[in-house]
Participant: 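Please read through the structure below; I'll follow up with questions.
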Number of protein chains: 2
Amino acid sequence: MPEVRVDLVLLSLRQPGLKVLLDLATSGQAWALPGCQLGNRQSLQQAAWDCLRETTGGSQAYLEQLYTYGDPERVAGLRTISCVYLGLLRSDGLAQGTETRRWHDPAHPPRLMHDHKAILKYALTRLRYKLEYTAVGFELLPQTFTLTELQGTYEAVLGEDLDKRNFRRRILRAGVIEPMKSYRSGEGRPARLYRYRDDAVAEVKARRLFP
Amino acid sequence: MPEVRVDLVLLSLRQPGLKVLLDLATSGQAWALPGCQLGNRQSLQQAAWDCLRETTGGSQAYLEQLYTYGDPERVAGLRTISCVYLGLLRSDGLAQGTETRRWHDPAHPPRLMHDHKAILKYALTRLRYKLEYTAVGFELLPQTFTLTELQGTYEAVLGEDLDKRNFRRRILRAGVIEPMKSYRSGEGRPARLYRYRDDAVAEVKARRLFP
DNA sequence: AGAATAGTGTCTCTCAGACATTATTTG
DNA sequence: CAAATAATGTCTGAGAGACACTATTCT
């Protein structure tokens, strides 16, 4: 009869860089991954989505089960199993920060409760691997984006610079995005907008984009 | 206060082919993945290992957390969260079958309880992917093996034939196994024995062996 | 005109995939 | 010496990675 919870590692791309959403614990002394207790008639997936909706108000997102933590010592005083989901939020329509809920740099998080620091670290590792062999990078962007923005996403997550021409070649050859007719104007030459093909996401699953 | 269990998908290579270890349910009508309830002071990992030891008597093995299932309807009448581990057993020192515990063909399993059929299917998919980008294939073999045996393992799991020369080239270039001085004699020309380098397993994690 | 950003092509090198023959042992 | 299995090399095509210049728009 342990307590079963669902916790979320919610990542999004804000300028500047990749961020993780954290809640200030009631003690006010440490931060924690947002999460909630598993309801009696809820599936884990459902609990994760419900929790996401409560947390962000319901922006579009991608969620996947990351890992389940169950060490008896991980939460002091209360036997707690935590099924952790990794969530990627589009950078449009993002929840703003409040006093007790803020976006933090995942590479240098504040003091975190329980084993949440390790969980966060693992989530980032997983995301990097995932980015290398799936097309999941789009989940962090608005529905339409320029190739430069997409490349910036990959660079932010992978933490390294990528070659512009090689990046474009690979991502276009992969066939997961398609050009739209519109352009985004800015300071210099307007950039073509792209969107990703929902129907292509599954198809790419097995292929590795960035070896 | 749901019940939390650990269930195991234990795979091993027996002649002929890949097998999964299943328990006959007390009803005698269906089979189930071996598993046990999570102890009050046990971590999930620990529970999985303990359960493995009880089930197989303790042959060497590889275990990793696969997925956690928590649908409220998955076990009739009792809210059950099941944290499933994938286990690979070396083919030496294998537990023999008994009346209520047997090795089955995972591709054509008998009638399984609850959602265990879906779990098994997912485990096989994961194993195939994993085999493609890690060196996990060795975990299914005795500690020393010939290249032909290793290739056979890959073929059994992937369900397709591989070219002998290409297989050898790749697996040797990957640097995860090393030749020993001994040979295994049999019907024809004796085959060189290899063992895998434990220290290399981590190193290969990120690389993809079989694209 | 100048600043800013978008967009494009080539070469080299590594590696995957296809493919057939020789080498060593046992009976 | 016949049967069985182990071991080995080459060619081709695809794609990764390195690299620098032209194109378009805004001010």
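For clarity, every value in this text was computed on a predicted model and none was experimentally measured. Here is how names work: the chains are called A, B, and so on, in the same order as the sequence lines, proteins then strands, and each is numbered from 1.
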Participant: Ignoring hydrogens and geometry, is there a side-chain-to-backbone donor-acceptor pair from A/Gln151 to A/Leu162 under 3.5 Å?
Facilitator: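 Between the backbone of A/Leu162 and the side chain of A/Gln151 there is a qualifying donor-acceptor contact (under 3.5 Å).
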Participant: Using a cut-off of less than 4.0 Å, is there contact between a side-chain N or O of B/Arg170 and OP1 or OP2 of C/dG17?
Facilitator: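 Checking C/dG17 against B/Arg170, a side-chain N or O does come within under 4.0 Å of OP1 or OP2.
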Participant: Could you state the CZ-P distance from B/Arg192 to D/dA7, rounded to the nearest angstrom?
Facilitator: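 From B/Arg192 CZ to D/dA7 P: 8 Å.
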Participant: Scan for side chain to side chain donor-acceptor pair (under 3.5 Å) pairs involving residues 110-121 of chain B, sequence neighbours excluded, and state none if there are none.
Facilitator: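 Every pair satisfying side chain to side chain donor-acceptor pair (under 3.5 Å) with a residue in residues 110-121 of chain B: B/Arg74-B/Asp115.
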Participant: Could you state the CG-P distance from A/Leu162 to D/dA16, rounded to the nearest angstrom?
Facilitator: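 In whole Å, D/dA16 P and A/Leu162 CG are 13 Å from each other.
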Participant: Answer yes or no: does atom CD of B/Glu160 have more than 12 heavy-atom neighbours from other residues, nucleotides or ligands under 6.0 Å?
Facilitator: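 Yes, CD of B/Glu160 has more than 12 neighbouring heavy atoms, counting only those of other groups under 6.0 Å.
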Participant: What is the separation between atom CG on A/Asp161 and atom P on D/dG17, rounded to the nearest whole Å?
Facilitator: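 Rounded to whole Å, this separation is 14 Å.
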Participant: Atom CD1 of B/Ile177 and atom C1' of D/dA7: how far apart are they, to the nearest Å?
Facilitator: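 Nearest whole value for this atom pair: 14 Å.
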Participant: Quick one: label A/Arg169 by what it contacts on the DNA or RNA (base, sugar-phosphate, nothing), any heavy atom closer than 4.0 Å.
Facilitator: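 Since a base atom lies under 4.0 Å of A/Arg169, the category is base.
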Participant: What is the distance from CZ of A/Phe167 to P of D/dC19, rounded to the nearest Å?
Facilitator: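 In whole Å, D/dC19 P lies 19 Å from A/Phe167 CZ.
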Participant: Can you tell me how far P of D/dT10 sits from NZ of B/Lys164, to the nearest Å?
Facilitator: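 After rounding, the gap between these two atoms is 18 Å.
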Participant: Where the side chain of B/Arg197 meets the backbone of B/Gly175, is there a donor-acceptor pair that is under 3.5 Å apart?
Facilitator: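 Looks like yes, one N/O pair under 3.5 Å.
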Participant: Base, sugar-phosphate or nothing for A/Arg168? Non-hydrogen atoms, less than 4.0 Å.
Facilitator: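 Result for A/Arg168 = base.
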Participant: Taking only N/O atoms, report every protein-nucleotides 25-27 of chain D pair under 3.5 Å with atom names and distance.
Facilitator:
residue	atom	partner	partner atom	Å
D/dC26	O4'	A/Glu187	O	3.4

Participant: Please identify each residue that fulfils side-chain contact (heavy atoms from CB on, under 4.5 Å) with B/Gln143, with sequence neighbours left out.
Facilitator: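 By the side-chain contact (heavy atoms from CB on, under 4.5 Å) rule, B/Gln143 matches B/Gln60, B/Arg90.
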Participant: Could you check whether B/Thr148 gets within reach of a base, just the sugar-phosphate, or nothing at all, counting any heavy atom under 4.0 Å?
Facilitator: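 Here B/Thr148 touches the backbone only, sparing every base.
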Participant: Give the rounded distance in Å between these two atoms: CG of B/Asp163 and C1' of D/dA6.
Facilitator: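 So the two atoms are 14 Å apart, to the nearest Å.
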Participant: Ignoring hydrogens and angles, tell me if any N or O in the side chain of B/Arg102 forms a donor-acceptor pair with the backbone of B/Leu22 under 3.5 Å.
Facilitator: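 Judged by distance alone, no pair lies under 3.5 Å.
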Participant: Rounded to the nearest Å, what distance is computed from the CG atom of residue B/Leu150 to the P atom of nucleotide D/dA7?
Facilitator: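 Taking CG of B/Leu150 and P of D/dA7, I get 12 Å after rounding.
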Participant: I'd like to know if B/Lys130 pairs up with B/Glu139 as an ion pair, taking the criterion as any Lys NZ or Arg NE/NH1/NH2 lying under 4.0 Å from an Asp or Glu carboxylate oxygen.
Facilitator: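 No, no charged N to carboxylate O under 4.0 Å.
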Participant: With a cut-off of less than 4.0 Å, is there a side-chain N or O of B/Arg173 near OP1 or OP2 of C/dC15?
Facilitator: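 Yes.
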